[in-house]
Each structure stands twice: as structure tokens, then as C-alpha cells.
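Taking it in order: structure first as C-alpha cells, then the write-up.
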Amino acid sequence: MPFTLATWNVNSLRQRLPQVLDWLRRVRPDVLAIQETKLSDHEFPVMAFAEIGYQPLINGQKGYNGVALIARHRMSRPVTELPGDPDDLQRRLLGAACGPLYLLNLYVPNGSEVGSDKYRYKLSWLERLHLFTAELLRREAHLVLLGDFNIAPADEDVHDPAAWQGKVLVSEPERQALRDLLALGLEDCFRRFDQPPGSYSWWDYRGGAFERNDGLRIDLILASAGLAAACSECRIDTRPRALEGPSDHAPVVATFDLHS
DNA sequence: ATGGCGTGCTCTGCACGA
């Protein structure tokens with residue numbers, strides 16, 4: 001029975017709600033992980049999703065960050081922070097069991113500039129994620145990490161690798177942190193399949209970057225080894241990025257053919 | 001080198017994003 005997962009950084013759910021609802025009605029994934037809702041929990045449009053058959057699990061924050069899992073199935077065992085997170089918690093993570101899977105929806109810190117305080121915060125956040133992922137892999141049979149990783153895994157995920165070399169989202173310490181995470185036993189579902197060159201999930205709003213396909217692939221779906229083998233498709237849906245008033249990210253969708 | 005675009009708050013400029 002196919003199980004479809006998607007991730008989308010919506011860059012304000014307040015601004016994007018009609019587009020997100022339209023997309024869910026068309027694509028009907030089992031779960032959509034969204035990032036950058038920029039909404040407090042009490043502002044979240046629960047009813048709008050319920051009306052189209054989806055139940056949200058939310059971890060919100062006023063103005064910045066904020067993540068949610070929108071699912072057609074019951075979710076359980078929620079997790080809203082990483083062990084060791086500072087007290088002034090940024091709402092960047094939401095885990096839950098959903099059907100046969102345990103999902104971890106991530107909005108990895110951007111990092112601002114290599115060498116900045118925010119960059120160091122990004123690397124320390126990735127270290128905490130690494131430790132927590134190792135723990136989850138020990139107890140969950142089928143684990144998926146999905147979301148806005150704010151790291152382009154390799155040069156093929158970057159429209160102009162020479163211009164981006166050493167910059168935030170591409171720098172070696174960030175890529176090494178991602179490789180270390182994968183080495184725990186996760187696979188980048190998108191790269192299990194032949195993909196068109198120039199496949200990206202984010203394009204700057206400025207300078208007609210989307211029209212020129214000047215983008216980065218920073219939105220990822222990582223599956224534990226046994227589960228990745230059941231992944232039958234993974235693609236980036238660029239259509240919403242072409243709409244009027246889009247998010248700067250496109251949704252990424254993966255389908256798993258699970259037995260039993 | 002800068003700003004370019006979009007969003008939300010401190011709200012008519014600023015911080016932040018990628």
C-alpha cells in the first residue's frame with residue numbers, strides 16, 4: 001500500500017494557506033511536513049485543514065520558524081525539541097509516529113554567514129540532531145527525516161557551485177554534518193532515482209532566479225535503510241513555485257510501497 | 001560592493017531569510 005510523504009517550506013502559512021490547501025487537494029499525500037509557518041499555535045488554521053480531511057500537529061512560534069505535520073492519519077508520540085536545546089527554544093522540529101513510520105520534520109537553522117554566531121548555532125543544532133537521530137534509529141523500525149535542511153548536499157544540487165563555494169548552505173562543515181547524519185543509516189530518497197540535471201527546491205525571490213533556474217536543492221527526505229529500499233518515487237513539484245505569490249521553496253514528494 | 005524580494009514586528013524602518 002503506497003504511503004506518500006511531502007515536505008514544503010511555505011514561508012508563512014498565513015500568506016500561503018490557499019496554495020497549501022489547493023496543493024493538498026490535488027496531490028493528497030498521507031502527510032505534509034511544513035516549515036516556517038511563522039504562526040503561534042493559537043493562530044494555526046486547524047479547521048481549514050480538517051475540512052479537507054487533514055489533522056495538524058503543530059509546533060509554532062510567533063513571527064519566525066514554526067513547523068507542523070499535516071496528516072490524513074492519527075499521529076502519536078510527538079517530540080518538539082532536541083535534547084540539549086537552549087531555553088529560548090526556536091520551534092524548528094516536530095517528530096511523530098504516523099502509520100508505519102516515525103517522522104521528524106526539520107527546519108534546520110539557516111546559518112546566516114560562515115563563521116557567524118548563527119553559523120555556529122547551526123552546527124551545534126546539527127550535532128544535537130545527530131545524537132537524537134542515532135537514538136531514534138535504535139528504537140524506530142522506519143524513520144524519516146524530512147524538511148528544510150538548509151544544506152545543499154553536493155555540487156550537483158547547486159546551480160553555480162563556483163559562486164557558492166565555501167558559502168553558507170554549501171560549506172564543508174555543513175556538508176560533513178549532513179554526511180555524518182546519513183552515515184548513521186539514512187538515505188537521500190531523491191538520489192535513489194535518475195533525476196534531471198538542475199533539480200532544485202529553492203530559488204531566491206530576487207533577480208528572476210526561478211525563471212533562470214538558479215536554485216539549490218536544500219529540502220530533503222531522508223529514510224532509514226530498510227525504508228529507503230521501499231521508496232518507489234521521489235520528485236520535486238516545481239508547479240507551486242510558478243504561481244503568483246509563491247513560497248521561495250517547492251514541495252518535495254516521496255512515495256513508499258510498504259507491505260503488510 | 002551592493003542590492004535585489006518577501007515576511008512579520010519593533011510597524012512606515014528593521015531583522016531575518018537562503
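In what follows, chains are A, B, ... by sequence order, proteins preceding strands, each numbered from 1.
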Take atom P in dG3(B) and the same atom in dC9(B), then report the distance between them in whole Å.
25 Å

Distance between P atoms of dA1(B) and dG6(B) (Å, rounded):
25 Å

Contact between R14(A) and L39(A) at the side-chain level, heavy atoms closer than 4.5 Å - yes or no?
yes

With rounding to the closest Å, how many angstrom separate the P atoms on dA15(B) and dG4(B)?
16 Å

Pairs involving residues 218-243 of chain A, ordered by first then second residue, that meet ring pair (Phe, Tyr, Trp, His ring centres under 6.0 Å) (sequence neighbours left out)
none

Taking side-chain contact (heavy atoms from CB on, under 4.5 Å) as the definition, give me every residue that meets it alongside D30(A), ordered by chain and number, with sequence neighbours left out.
F3(A), T4(A), H73(A)

Side chain to side chain donor-acceptor pair (under 3.5 Å) filter on D237(A), not counting sequence neighbours, yields W23(A), R239(A)

Would you give a per-nucleotide map of nucleotides 6-18 of chain B, 5' to 3', where B means the base has a protein non-hydrogen atom under 4.0 Å away, S means only the sugar-phosphate does, and - means neither?
SSSS------SSB

dC11(B) and dC5(B), which share atom name P, separated by this distance in whole Å:
25 Å

Atom-to-atom span, CG of D214(A) to C1' of dC5(B) - whole angstrom
15 Å

Identify, with sequence neighbours excluded, every residue that meets ring pair (Phe, Tyr, Trp, His ring centres under 6.0 Å) alongside F49(A).
F44(A)

Residues in side chain to side chain donor-acceptor pair (under 3.5 Å) contact with N105(A), at least two apart in sequence or another chain:
Q35(A)

